[in-house]
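Indexing begins at 1, ligand by ligand and atom by atom, following the structure's order. Given the structure is predicted, the values throughout are model-derived calculations rather than measurements. Numbers here simply count residues along the sequence, with the first being 1.
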Amino acid sequence: MDIPRIFNITESAHRIHNPFTPEKLATLGAALRLESGARVLDLGSGSGEMLCTWARDHGISGVGVDMSRLFTEQAKLRAEELGVADRVQFIHGDAAGYVADEKAAVAACVGATWIGGGVAGTIELLAKSLRSEGIILIGEPYWLRLPSTEDVAKGCLANSISDFLMLPELLASFGDLDYDVVEMVLAGQEGWDRYEAAKWLTMRRWLKANPDDDLAKDVRAQLTSEPKRYAAYTREYLGWGVFALMAR
Ligand code: SAH
């Protein structure tokens, strides 16, 4: 079981697989006023940077579930590197339907809400692992500017304009699900650049090392087209943030 191999290639050098910088991730951890020993569940935990740095900085304990074998291995190594391997556990597997044995103070899905079939389904899934008065974290894109055509949405790698909302509507949609938005940290263009542009050097080096790979043609095509596509579309039209929610 694994995610499509292309992501394990293009994001192999990423520690954070979303448009947050390390500073934003730290800002979010501080904003949540995490208590030492609090349990954090992270579905789609990637390379584990959130759980590992929050364990180091705030003394939380946590469980992360991710379907990428590579990212999960990297998460375990990072936990050892930061000296928190006794407090955070990373499980390789499908997080769809995952419910923790022990209820968490914080249950997160940051940049992987397809795991629950969209934002509403993911909130419902996370709520099953959450103790009362716990916080749900959802990392999700929103439109900075509404695309004028469906082609622009496709340029942002969305299926359609209706995939995402504008920020005010996204915030209101959490209210419609009977959740208070109690905090939010939003990514900036700098963070988007770190997330997207970091893939380009990774692709370039991977191509040099793997010229005859089955995916070499695809990776070559992406490396050629991505800088312009990203600058024309994603960078101009898409925002991204992590929203902290508490049930009303
Ligand atoms: N939250 C992490 C990773 C976000 S990228 C971070 O912000 O750094 C999306 C992640 O979802 C990837 O790590 C991918 O491997 C994982 N993923 C995709 N489908 C999944 C599934 N069904 N179950 C668990 N993880 C999944």
Side-chain angles (χ1 to χ4, degrees), residues 1-29 31-32 40-56 60 62-79 81-82 88-100 104 106-119 121-126 128-129 135-142 157-158 163-164 184-188 191-199 202 234 238-244:
M1 179 201 301
D2 213 319
I3 59 170
R5 192 167 157 245
I6 185 75
F7 300 111
N8 284 326
I9 294 170
T10 58
E11 298 192 26
S12 62
H14 284 55
R15 240 176 216 157
I16 300 175
H17 304 263
N18 72 53
F20 263 10
T21 57
E23 293 75 24
K24 292 270 181 181
L25 203 52
T27 297
L28 177 64
L32 295 175
V40 180
L41 173 69
D42 190 10
L43 300 187
S45 44
S47 299
E49 193 67 3
M50 186 174 86
L51 287 179
C52 290
T53 55
W54 289 1
R56 177 195 63 193
I60 59 118
V63 175
V65 183
D66 198 281
M67 208 154 88
S68 164
R69 196 175 291 281
L70 174 70
F71 299 166
T72 306
E73 272 320 301
Q74 291 180 162
K76 290 177 184 170
L77 291 174
R78 186 68 172 147
E81 187 184 7
L82 296 188
V88 293
Q89 184 195 353
F90 291 100
I91 300 168
H92 173 244
D94 189 349
Y98 184 90
V99 178
V106 176
C109 181
V110 175
T113 52
W114 57 84
I115 284 173
V119 171
T122 299
I123 290 174
E124 211 176 296
L125 173 62
L126 292 170
K128 293 179 185 166
S129 298
I135 292 180
I136 286 180
L137 296 180
I138 294 287
E140 186 71 2
Y142 55 88
L157 306 183
D163 279 11
F164 306 124
M184 70 174 185
V185 177
L186 304 180
W192 271 109
D193 293 349
R194 289 302 81 242
Y195 176 50
E196 294 293 340
K199 297 175 192 173
T202 303
T234 305
L238 266 191
W240 194 87
V242 177
F243 305 93

Pick one of side chain, backbone, both or neither for how I3 approaches ligand 1, counting any non-hydrogen atom pair under 4.0 Å.
side chain

Where the side chain of K24 meets the backbone of G191, is there a donor-acceptor pair that is under 3.5 Å apart?
no

Please check whether V110 reaches ligand 1 - meaning an N/O of the residue sits under 3.5 Å from an N/O of the ligand, judged on distance alone.
yes

Would you check if the side chain of D66 reaches a backbone N or O of G46 as a donor-acceptor pair within less than 3.5 Å?
yes

Does ligand 1 have an atom that lies less than 4.0 angstrom from a heavy atom of S47?
no

Is a side-chain donor or acceptor of S129 paired with a backbone partner of L125 at a separation under 3.5 angstrom?
no

Which residue and non-hydrogen atom of the protein lie closest to atom 9 (C) of ligand 1, and at what distance in Å?
G111 O, 3.5 Å

Of all the atoms in ligand 1, which lie at a distance below 4.0 Å from a heavy atom belonging to A95?
21 (C), 23 (N), 24 (C)

In ligand 1, which numbered atoms sit nearer than 4.0 Å to a non-hydrogen atom of A112?
9 (C), 11 (O)

What protein heavy atom sits nearest atom 8 (O) of ligand 1, and how far away is it?
H17 N, 2.8 Å

Considering only protein heavy atoms, which is closest to atom 10 (C) of ligand 1, and at what distance to one decimal place?
D66 OD2, 3.7 Å

Listed partners of I91 passing side chain to side chain contact (heavy atoms under 4.5 Å, CB included), at least two apart
V63, V65, Q89, Y98

For the 3.5 Å polar cut-off, considering only N or O atoms, please tell me whether W114 and ligand 1 meet it.
yes

Can you tell me if CD on E124 sees more than 12 non-hydrogen neighbours from other groups inside 6.0 Å?
no

Atoms in ligand 1 with a heavy atom of G93 nearer than 4.0 Å:
23 (N), 24 (C)

Which residue and non-hydrogen atom of the protein lie closest to atom 2 (C) of ligand 1, and at what distance in Å?
G44 O, 3.2 Å

N/O donor-acceptor pair under 3.5 Å between T122 side chain and G116 backbone:
yes

Kindly identify the option in N18, T72, L137, I91 whose heavy atom sits closest to atom 6 (C) of ligand 1.
N18

Is there a nitrogen or oxygen of D94 sitting under 3.5 Å from a nitrogen or oxygen of ligand 1?
yes

Is ligand 1 under 4.0 Å from a heavy atom in the side chain of S68, in the backbone, in both, or in neither?
both

So the atoms of ligand 1 within less than 4.0 Å of a heavy atom of F71 turn out to be 13 (O), 15 (O)

Minimum-distance protein heavy atom relative to atom 25 (N) of ligand 1
M67 N, 3.1 Å

Can you name the residues that form a side chain to side chain contact (heavy atoms under 4.5 Å, CB included) with E11, not counting sequence neighbours?
F7, H14, H17, F71, Y195, K199

